[in-house]
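In this chain, numbering begins with 1 at the start of the sequence shown. Read the numbers this way: they start at 1 and go in the same order the structure lists the ligands and their atoms. Keep in mind that what you see is a predicted model, and the values were worked out from it rather than measured.
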Amino acid sequence: MQAGWRKKSHLFPVMRIGIFDSGFGGLTVYSAIRQRLPQYDYLYLGDNARTPYGSRSFEAILRFTTECVEYLFDQDCALVVIACNTASAKALRTIQQKLLPEKYPDRRVLGVIRPSAEALSHYPAGSRVALWATEGTVRSDSYAMELAKLAPGIQLTQIICPMLVPLVESGEISGEGLDYFLKRYWHETLSLSPNVNALLLACTHYPLLYPAIRRIIPVETEILVQGEIVGPSLENYLRRHPEMKARLSQNMAENFLTTDQTEGFGRLASLFLGRNVTAGQVQI
Ligand code: DGL
């Protein structure tokens, strides 16, 4: 275990922003958030020991996500961003409606689906948008439900892309093998929707594939990356919630935790983050 992340008694109370993901992928979202809001203190937790969440049951994802969010609360996070789409789709609502009012009335948890659906809703009525995601995210229908509330005139096509997370996790972020699957998912998208105005990469891992995806998908189709959506959305949330903003400490600190081995985390984290970081290991 590393000492850096341990709860300490502070002269001035530290209230951090927790970022949670099933593994490494949330680092793409964290990176964009930190670039936008560098002044705050962050604690990243990747549940690498139990990743991937993408094809797990609702019950398992809810249990794992709740455990990790409570752990981040215990480590003085006043606000937690669930960067994982699958966890946002399957656990966020229950956490917001049950866990927080019952046990943590002064803490807040935000997800990535609502801000991403809002970004899609800005396309004109009649637009066709698509998203690529894990099985859990697509089957939850969370995006379709949010978008139907925000912009019922927009047609959404959802494609399950089961090969993309394993490819990224094994470092295959370019090359023929990857292109084969990208083309396959794009043809599947077109078979359901012949014109696509925008494609949302609704999974933490996919931004790493952006250059490869951009090469395959015609320029007329805009590609939306979640980090660029969630950063401004968090900034906007803090502007609208000055009481939360005032509680957050601002020392520009960052710490990383993983539920699996720390060596593996450091190696892949540098791929996701573009710089080297070390993590502490926790048992949850
Ligand atoms: N973080 C997950 C997501 O954004 C992808 C990885 C996983 O399946 O756990 O949906």
Legend entry - ligand 1 versus C203: contacting region, heavy-atom distance under 4.0 Å: both
Inset, instruction - Considering the heavy atoms of T51, write down every atom of ligand 1 situated less than 4.0 Å from one of them. - result: 9 (O)
Inset, instruction - Would you mind running through ligand 1 and noting each atom that sits below 4.0 Å from a heavy atom of Y53? - result: 7 (C), 8 (O), 9 (O)
Legend entry - Nearest option to atom 3 (C) of ligand 1, as decided by whichever heavy atom of N48, T137, N85 sits closest: N85
Legend entry - atom 2 (C) of ligand 1: the protein heavy-atom neighbour that sits closest, reported with distance to 0.1 Å: C84 SG, 3.4 Å
Legend entry - Nearest protein heavy atom with distance in Å, relative to atom 10 (O) of ligand 1: T86 OG1, 2.6 Å
Legend entry - Polar proximity ligand 1 side, H205 side, N/O cut 3.5 Å exclusive: no
Legend entry - Ligand-side contact atoms (ligand 1) for residue partner S22, heavy atom cut-off under 4.0 Å: 1 (N), 2 (C), 6 (C), 7 (C), 9 (O)
Legend entry - Residue from F272, F256, F24 passing ring-ring contact (aromatic ring centres under 6.0 Å, His included) with Y30: F256
Inset, instruction - Give the residue, atom name and distance (to 0.1 Å) of the protein heavy atom nearest atom 8 (O) of ligand 1. - result: G54 N, 2.8 Å
Inset, instruction - Taking all heavy atoms of A269 and all of V277, pick out the closest pair and write down the distance. - result: CB-CG2, 3.8 Å
Inset, instruction - Output the list of atoms in ligand 1 that are nearer than 4.0 Å to some heavy atom of D21, sorted by atom number. - result: 1 (N)
Inset, instruction - Can you measure from CG (L238) to CG (L248) and round to the nearest 0.5 angstrom? - result: 6.0 Å
Legend entry - Pair listing, side chain to side chain donor-acceptor pair (under 3.5 Å) test, anchored in residues 215-224, at least two apart: Y123-E222
Inset, instruction - Answer yes when E102 and K98 have at least one side-chain N-carboxylate O distance shorter than 4.0 Å, and no when they do not. - result: no
Inset, instruction - Before accepting this row, confirm whether a basic side-chain N of the pair R114/E118 lies closer than 4.0 Å to the acidic partner's carboxylate O. - result: yes
Legend entry - Side-chain (D41) to main-chain (N251) donor-acceptor, under 3.5 angstrom: yes
Legend entry - Non-hydrogen side-chain atoms of T262 and T278 separated by less than 4.5 Å: no
Inset, instruction - Answer side chain, backbone, both or neither: which part of T204 comes under 4.0 Å from ligand 1, heavy atoms only. - result: both
